[in-house]
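See below for the structure under consideration.
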Number of protein chains: 2
Amino acid sequence: MHTNERDTCRPNSRTFSRKKKNVVECDSCGLYGMCQVAGLDEPVPDLIDEIVGRREEVGISQNVITAGTPFGEIYAVKSGSFKTYVTLANGEQQIIDFYFPGELMGLEALSERNYPHSVEALEASTVCRLNFAKLDLLGERLGEFQQQLIQALSRRTRQDQWVPLLMGAQNAEQRTATFLLSLSDRFAEHGLPSQRFKLPMSRHDIANYLGLAVETVSRMFQRFQSMDLLEVHGRHVELRDMEALRVMSGLNNTNAT
Amino acid sequence: MHTNERDTCRPNSRTFSRKKKNVVECDSCGLYGMCQVAGLDEPVPDLIDEIVGRREEVGISQNVITAGTPFGEIYAVKSGSFKTYVTLANGEQQIIDFYFPGELMGLEALSERNYPHSVEALEASTVCRLNFAKLDLLGERLGEFQQQLIQALSRRTRQDQWVPLLMGAQNAEQRTATFLLSLSDRFAEHGLPSQRFKLPMSRHDIANYLGLAVETVSRMFQRFQSMDLLEVHGRHVELRDMEALRVMSGLNNTNAT
DNA sequence: CTACATCCTTGATGTGCATCAATTGGATCA
DNA sequence: TGATCCAATTGATGCACATCAAGGATGTAG
């Protein structure tokens, strides 16, 4: 079921060939404001590197965070994608959320001692790491930094409001439509292609997240395709009629993330 | 210190007869740290009152926040309860969350110009109001305040993680069990009775929130009762076997809010 | 290239829950 | 106290989606 985590981090983790990768530049990264505050524009070249570990590679299926381990840092996704999950009593995963370039992971651990869930790379990815233990190095700029943090947390809180919409009122068709739109919105927010993209997660993960069966997700994709709302080829998706999808989702357009 | 409950805790500020009301004291309120920072323990008696409007009454079905209106303040629930919702394209409400004494409402608007959803009282309630426009009155203590705010946001973010668990993997039985447990936990967190309590929301609201039909919620309650897991009389609930409920919910016990 | 493993799709069947319908119960107010 | 109204329960039926089963597509290793 699971590919081994060790052997996935292979020598060529640097040379992704065929397709070009979606990488967010710093200025559309959720950590940007914090990086700036942390001294990126200051003549303190080492300080920022001390606090922010930059562009670390993460292999597919590798865990960046393991549920229950002590909190120490938050992560910004630079490229690639991640899923967060908890393990249920029956041993199954329950996927909590997905993360994409420009977004911050680990915020929910801020006020606690431990991370509440695990975070796993869906593909070869890169992250920046912000070490909270070293934040006091910021000295008087800590206040600015906190300001940025508040912004990030608030954005995140607002994003979480999608979930009840995804899962509450809706049937399989609406959920799937809403899911695709929310992905698209999140990509757009960080300047990534939002009409035509590759789903980094399996149908299994999508189904788990949406509370549906794999087969149902597949059927919904096919149904949308037959209605000319989108085109699917495996994990590659092109949204052809976002307006129709929006109508189908049952949300009115005022509900942006 | 911190004893100015004076005008407030009169057992019936209006005429609630029969039952005593659940009111959180300041020290188990989500705004507490902020109130303190804001000057509650300082010899600046008017400052705090300037920033925090205290113990305002809200009638049943009254809206504290309307979706789309400009952000200006966050609210702490002092007594009573609230629901937040958005209006879907078909005119129906989708309930996003419920709020109980000690919790903060409106945080998701912090980084935006407008509130993303509406907040309505489920019963006669009281709130404290924290005016963001006047925060600069805090001067140098603003930093401390931000610290508190970060804590609050992070707690909130962590709480939101319940939702996918509620709605994702589970069947009606599991959802209902999880719902009851999450309510119980939230009550306990602020020192309110957590085994025996009155559901402030209708079956309709519960069903809406859980993505189930009213009838199904009712049947689940009856089923639990017949299994001796709880007792229901209308909106009054007593959890008789929380451990069994936890097992039924499918969560393992490490997933506290 | 072939072989094997995964992932995805497609079809057939059963069931959990929504839906429809009717009754009961609980609040509110005269 | 009883009349009214809405909330909650209970039962009967049908459908949407899960489940079971099999076949195709895609990728990776040899």
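Chain naming here is simple, since letters A, B, ... match the order of the sequence lines and numbering starts at 1 in each. Remember, predicted model here, so these are calculated numbers, not experimental data.
Taking atom CD1 of residue B/Ile206 and atom C1' of nucleotide D/dA7, one finds them 12 Å apart after rounding to whole Å. In this structure, B/His204 places its NE2 atom 15 Å from P of D/dT9, rounding to the nearest Å. Note: CD (A/Glu92) to P (D/dA18) measures 15 Å, nearest angstrom. We find that CG of B/Asn171 is positioned 14 Å from C1' of D/dT19, with the value rounded to whole Å. Rounded to whole Å, atom C1' of C/dT9 lies 14 Å from atom NE2 of A/His233. Separating the CG atom of A/Leu212 from the C1' atom of C/dG16 is a distance of 15 Å, rounded to the nearest angstrom. The distance from atom CG of B/Asn208 to atom P of C/dC17 is 18 Å, rounded to the nearest whole Å. In this entry the distance linking CE of B/Met220 with P of D/dT9 reads 12 Å, nearest Å.
Contact between the side-chain N/O atoms of B/Arg235 and the OP1/OP2 oxygens of D/dA8 is found at a separation under 4.0 Å. Here A/Arg203 reaches the OP1 or OP2 of C/dT9: one of its side-chain N or O atoms lies under 4.0 Å away. The phosphate of D/dT10 (OP1 or OP2) has no side-chain N or O of B/Arg219 nearer than 4.0 angstrom.
Listed candidates were C/dT9, D/dT9, D/dA18. Nearest to the side chain of A/Gln222 is C/dT9. Among the nucleotides C/dT19, D/dT10, C/dC8, the one closest to any side-chain atom of A/Ser202 is C/dC8.
Checking side-chain atoms of B/Arg129 against main-chain N and O of B/Tyr75 turns up no donor-acceptor pair under 3.5 Å.
Judged by distance alone, with hydrogens and angles left aside, B/Glu173 brings no side-chain donor or acceptor close enough to the base of C/dC17 to form a pair under 3.5 Å.
Side-chain contact annotation: A/Thr126 with A/Glu56, donor-acceptor N/O pair under 3.5 Å absent. No side-chain donor-acceptor contact under 3.5 Å links A/His236 and A/Glu231.
Sequence order on DNA chain D of the closest nucleotides to A/Glu215 and A/Ala172 puts A/Ala172 first from the 5' end.
Between A/Arg156 and A/Glu108 a salt bridge is recorded (basic side-chain N to carboxylate O distance below 4.0 Å).
Between A/Lys83 and the choices A/Asn208, A/Asp97, A/Asp205, the side-chain hydrogen bond (donor to acceptor under 3.5 Å, both in side chains) rule is met once, by A/Asp205.
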